[in-house]
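Below, each value reflects all heavy atoms present in this structure, side chains not excepted, and no hydrogens, waters or symmetry copies. Keep in mind that what you see is a predicted model, and the values were worked out from it rather than measured. Residues take their numbers from the sequence shown, with the count starting at 1.
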Amino acid sequence: VQETGFTLWFTGLSGSGKSTIANLLVKRFEEMGRYVELLDGDEVRLNLTKDLGFSKEDRDTNINRIAFVAKLLSRNGVIAITAAISPYSEARQRARGQIENFVEVYVSAPLKVCIDRDVKGLYAKALAGEIPNFTGVSDPYEVPTDAEIVVASHEQTPDESVEFILRRLAELELLRERVAA
Ligand SMILES: Nc1ncnc2c1ncn2[C@@H]1O[C@H](COP(=O)(O)OP(=O)(O)O)[C@@H](O)[C@H]1O
Ligand SMILES: [Mg+2]
């Protein structure tokens, strides 16, 4: 029997922890013997959406393309994980509407925490006015109101977030409960 594919749609500010948690999940799913593909925002923007910038229109197109690929993967039994900021709720809704098993994961962390982490040094530049349209600083982030899963990355470790997400997926009956050996 083919396993049920689904899409884990991460959303959250830059530096909130999407890529960190998504990469840990990839390992876990591989250990379970599942096919899994990560569509990470930064990597996607280097190839699939290399032609796009950060206007609202381009951000929407970026999300539409990611959603299209995630749909194709997850309807074939693959676990598709997307990890792009996806700041606009309307674009997330559109993705939700076209993907069968769509699970939105909001990685919440206060802007202040993300600025303090400043993983890529981009907040410093954005706050200095050097990057226009930077989410959270000079561009909107619409907080999700209907995410299936919310993890607070300033209150738990990445591993704790991973365990929580796996438990929720079992509750949603997208992952089989692991049978004790
Ligand atoms: N609970 C947590 N979950 C995820 N990342 C965390 C957590 N606590 C601290 N971090 C750190 O926060 C940063 C998140 O960066 P990253 O995963 O690249 O964010 P994003 O992909 O959302 O831009 C990493 O340096 C990571 O080590
Ligand atoms: Mg990332």
As a quick check of understanding, evaluate salt bridge (charged side-chain N to carboxylate O under 4.0 Å, His left out) for Glu3 and Arg176, giving each step before the final call. CA-CA 9 Å; Glu3 306 257 16; Arg176 289 188 207 131; 3.5 Å; yes
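- Checked by atom type and distance alone, the side chain of Ser86 pairs as donor or acceptor with a backbone atom of Ala84 at under 3.5 Å.
- Under the salt bridge (Lys or Arg N to Asp or Glu O under 4.0 Å) criterion, Lys56 pairs with Asp60, sequence neighbours left out.
- Closest heavy-atom contact between Thr7 and Ser74: OG1-OG, 3.1 Å.
- Asn47 contributes a side-chain N or O that, together with a main-chain N or O of Glu43, makes up a donor-acceptor pair within less than 3.5 Å.
- In the hydrophobic clustering of ILVMFWY residues, with side-chain heavy atoms under 4.5 Å counting as a link, Phe10 and Val143 come out apart.
- Identified under the salt bridge (Lys or Arg N to Asp or Glu O under 4.0 Å) test for residues 81-91, with sequence neighbours left out: none.
- Linking ILVMFWY residues whenever their side-chain heavy atoms come closer than 4.5 Å, directly or via other members, places Val36 and Leu174 in the same cluster.
- Under the 4.5 Å side-chain criterion, counting only non-hydrogen atoms from C-beta, Ser108 is in contact with His154.
- Using a distance-only test at 3.5 Å, with no hydrogens or angles considered, no donor-acceptor pair links the side chain of Arg45 to the main chain of Lys50.
- In this structure, the side chains of Leu52 and Arg65 come closer than 4.5 Å at one or more pairs of heavy atoms.
- Val103 and Phe68 are members of different hydrophobic clusters when ILVMFWY side chains are connected at heavy-atom separations under 4.5 Å.
- Side-chain atoms of Ser153 and Arg117 include a donor-acceptor pair closer than 3.5 Å.
- A heavy-atom distance below 4.5 Å is not found between the side chains of Phe164 and Val150.
- Side-chain contact between Glu142 and Pro87: absent, with no pair of heavy atoms (C-beta onward) separated by less than 4.5 Å.
- In terms of heavy atoms, Ile85 sits closest to Tyr141 at O-CE1, 3.7 Å.
- Hydrophobic cluster membership for Ile66: Trp9, Tyr35, Leu39, Val44, Leu48, Ile63, Val69, Leu73, Val78, Ile99, Phe102 (Ile, Leu, Val, Met, Phe, Trp, Tyr linked by side-chain heavy atoms under 4.5 Å, directly or transitively).
- Within 6.0 Å of atom CD in Glu160, more than 12 heavy atoms from other residues, nucleotides or ligands are found, so the atom counts as buried in its surroundings.
- Residues Phe29 and Val26 share a hydrophobic cluster, clusters being chains of Ile/Leu/Val/Met/Phe/Trp/Tyr side chains in contact below 4.5 Å.
- Minimum heavy-atom separation, Asp58 to Gly53: OD2-N, 2.7 Å.
- When all heavy atoms of Gln98 and Ala67 are compared, the closest pair comes out as NE2-CB, 3.9 Å.
- Atoms CG and CD, on Leu25 and Glu30 in that order, are 11.0 Å from each other to the nearest 0.5 Å.
- In this structure, Asn101 contributes its side chain and Gly5 its backbone to a donor-acceptor pair below 3.5 Å.
- By the criterion of side-chain heavy atoms lying less than 4.5 angstrom apart, applied directly or through intervening Ile, Leu, Val, Met, Phe, Trp or Tyr residues, Tyr106 is grouped together with Leu111 in one hydrophobic cluster.
- Residues forming a salt bridge (Lys or Arg N to Asp or Glu O under 4.0 Å) with Arg75 (at least two apart in sequence, or on another chain): none.
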Donor-acceptor pairs under 3.5 Å, side chain of residues 16-23 to any protein atom, not counting sequence neighbours: which ones?
residue : atom : partner : partner atom : Å
Ser16   : OG   : Leu13   : O            : 2.7
Lys18   : NZ   : Gly12   : O            : 3.0
Lys18   : NZ   : Leu13   : O            : 2.9
Ser19   : OG   : Asp40   : OD1          : 2.7
Ser19   : OG   : Asp40   : OD2          : 3.4
Asn23   : ND2  : Ser19   : O            : 2.8

Determine, stepwise, if the pair Thr135 / Phe54 fulfils side chain to side chain contact (heavy atoms under 4.5 Å, CB included). CA-CA 9 Å; Thr135 301; Phe54 293 89; over 6 Å; no
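- Ile149 is not listed as a side-chain neighbour of Glu104, based on a closest heavy-atom distance of 4.5 Å or more.
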Could you walk me through whether Arg168 and Glu171 pass the salt bridge (charged side-chain N to carboxylate O under 4.0 Å, His left out) check? CA-CA 5 Å; Arg168 285 287 293 133; Glu171 281 169 18; 2.8 Å; yes
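- Of all non-hydrogen atoms in Arg92 and Thr11, the two that sit nearest each other are NH1-OG1, 3.6 Å.
- Contact of the Arg167 side chain with the Val162 side chain is not registered, since no non-hydrogen atoms from C-beta on lie closer than 4.5 Å.
- When side chains are defined from C-beta on, Ile79 does not count as touching Glu37, because their heavy atoms never get closer than 4.5 Å.
- Counting all heavy atoms, side chain and backbone alike, Arg96 lies closest to Asp146 at NH2-O, 3.2 Å.
- Heavy-atom contacts from other residues, nucleotides or ligands closer than 6.0 Å to CD of Gln93 number more than 12.
- Note that CZ of Phe6 is 6.0 Å distant from CZ of Arg34, once rounded to the nearest 0.5 Å.
- Residues Lys27 and Leu24 have side chains in contact (heavy-atom distance under 4.5 Å, counting atoms from C-beta outward).
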Please list, one pair per line, the donor and acceptor atoms closer than 3.5 Å that link side chains of residues 119-132 to other protein atoms, with sequence neighbours excluded.
residue : atom : partner : partner atom : Å
Lys120  : NZ   : Asp42   : OD2          : 3.0
Tyr123  : OH   : Ser14   : O            : 2.7

